Amino acid sequence: MSALAVSDAPADRVAIATAREELTFGELAARAARVDLPAAVIATPSVETVVHILAALERRRPLALLHPRTPAAELARQKHAIAHAALDDAALVLFTSGSTGAPRGVAIGRAALEAAARASASSPGWRYGDRWLCCLPLAHAGGASIVVRCLAARMPVVLHDA
């Protein structure tokens with residue numbers, strides 16, 4: 001079983017919480033199994049974004065996480081770039097800020113995500129009932145990694161809606 005799949009997580013344990021809803025690992029897994037998986041999603045701090053991330057990880061398909069505040073013309077350019085990119089080894093694709101030019105897509109491999117999740121699991125000292133508050137955008141490496149690490153640890157993530 002992959003460290004990034006959640007089928008072995010306690011089905012009744014809370015997986016994700018927002019100000020509007022809470023899903024257990026069982027509910028999250030069921031929604032991920034049913035979702036139509038696009039190549040890219042607007043990564044809002046929502047249950048739906050996490051459903052797409054889990055679906056992509058479990059199906060071993062790359063998923064681009066696009067920032068919700070990106071201007072429409074830039075979003076179109078990023079979607080076009082994803083549609084024409086060779087992403088064979090990618091699990092997630094995030095776009096840089098573009099501080100030195102146009103934002104570039106950065107592919108993050110599955111092995112890198114799993115290694116980061118394993119390294120993180122030994123660090124926080126999880127206890128039953130703990131939750132990790134994610135205040136970073138899910139289209140940012142920091143925000144996406146919090147979600148992935150919580151999924152791998154079978155621990156809840158709380159998404160802050162900015």
Side-chain angles (χ1 to χ4, degrees), residues 1-69 78 82 85 87-96 105-162:
M1 181 59 52
S2 167
L4 301 179
V6 297
S7 57
D8 63 342
D12 61 344
R13 182 181 291 170
V14 172
I16 181 168
T18 70
R20 290 173 289 289
E21 63 183 316
E22 220 175 61
L23 254 68
T24 65
F25 276 99
E27 294 165 332
L28 179 62
R31 285 177 64 173
R34 292 189 312 263
V35 73
D36 288 330
L37 189 60
V41 296
I42 304 297
T44 60
S46 67
V47 167
E48 285 308 310
T49 299
V50 177
V51 166
H52 281 94
I53 292 170
L54 178 59
L57 294 173
E58 289 195 337
R59 296 177 198 175
R60 295 183 167 275
R61 289 186 37 207
L63 178 67
L65 299 174
L66 307 176
H67 198 287
R69 293 187 182 152
Q78 290 177 6
I82 291 299
L87 299 171
D88 298 332
D89 297 327
L92 296 176
V93 178
L94 306 174
F95 280 82
T96 65
V106 177
I108 303 169
R110 184 177 191 84
L113 286 178
E114 288 179 346
R118 277 192 305 276
S120 176
S122 64
S123 179
W126 288 106
R127 293 180 308 226
Y128 185 78
D130 285 352
R131 294 176 175 213
W132 194 336
L133 176 61
C134 179
C135 297
L136 296 168
L138 297 185
H140 183 277
S145 69
I146 289 171
V147 169
V148 170
R149 290 170 184 181
C150 286
L151 291 173
R154 282 48 170 181
M155 295 301 287
V157 61
V158 177
L159 298 179
H160 181 267
D161 191 5

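Note: hydrogens, waters and symmetry copies are ignored here, and every other heavy atom, side chains too, is used. Position 1 is the first residue of the sequence; numbering continues from there. These figures come from a predicted structure and were not determined experimentally.
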Is there a side-chain contact between [X] and [Y] in this structure, where contact means two heavy atoms from C-beta onward sitting under 4.5 Å apart?
X: Leu138; Y: Leu159; value: yes
X: Val41; Y: Leu65; value: yes
X: His52; Y: Leu37; value: yes
X: Tyr128; Y: Arg13; value: yes
X: Val47; Y: Thr18; value: yes
X: Arg20; Y: Ser46; value: no
X: Leu23; Y: Val50; value: no
X: Ser120; Y: Trp126; value: no

Spacing of [atom1] belonging to [X] relative to [atom2] belonging to [Y], to within rounding of 0.5 Å:
X: Met155; Y: Arg149; atom1: CE; atom2: CZ; value: 15.0 Å
X: Thr44; Y: Arg69; atom1: OG1; atom2: CZ; value: 12.0 Å
X: Leu63; Y: Leu54; atom1: CG; atom2: CG; value: 11.0 Å
X: Asp161; Y: Cys134; atom1: CG; atom2: SG; value: 11.5 Å
X: Ile53; Y: Leu151; atom1: CD1; atom2: CG; value: 7.5 Å
X: Leu57; Y: Glu114; atom1: CG; atom2: CD; value: 8.5 Å

Tell me, please, which residues at least two apart from Gln78 pass side-chain contact (heavy atoms from CB on, under 4.5 Å).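 If we apply the side-chain contact (heavy atoms from CB on, under 4.5 Å) test to Gln78, skipping adjacent residues, the hits are Leu66, Thr70, Glu74, Leu75, Phe95, Pro103.
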Indicate the atoms forming the closest heavy-atom contact of [X] with [Y], along with that distance.
X: Ala152; Y: Ala117; answer: CB-CB, 3.6 Å
X: Arg59; Y: Ala32; answer: NH2-O, 2.7 Å
X: Phe25; Y: Pro10; answer: CB-O, 3.6 Å
X: Cys150; Y: Val157; answer: SG-CB, 3.8 Å
X: Ala90; Y: Ala107; answer: CB-CB, 3.7 Å

Check the pair Val147, Thr49 against side-chain contact (heavy atoms from CB on, under 4.5 Å), reporting the backbone distance first and the verdict last. CA-CA 10 Å; Val147 169; Thr49 299; over 6 Å; no
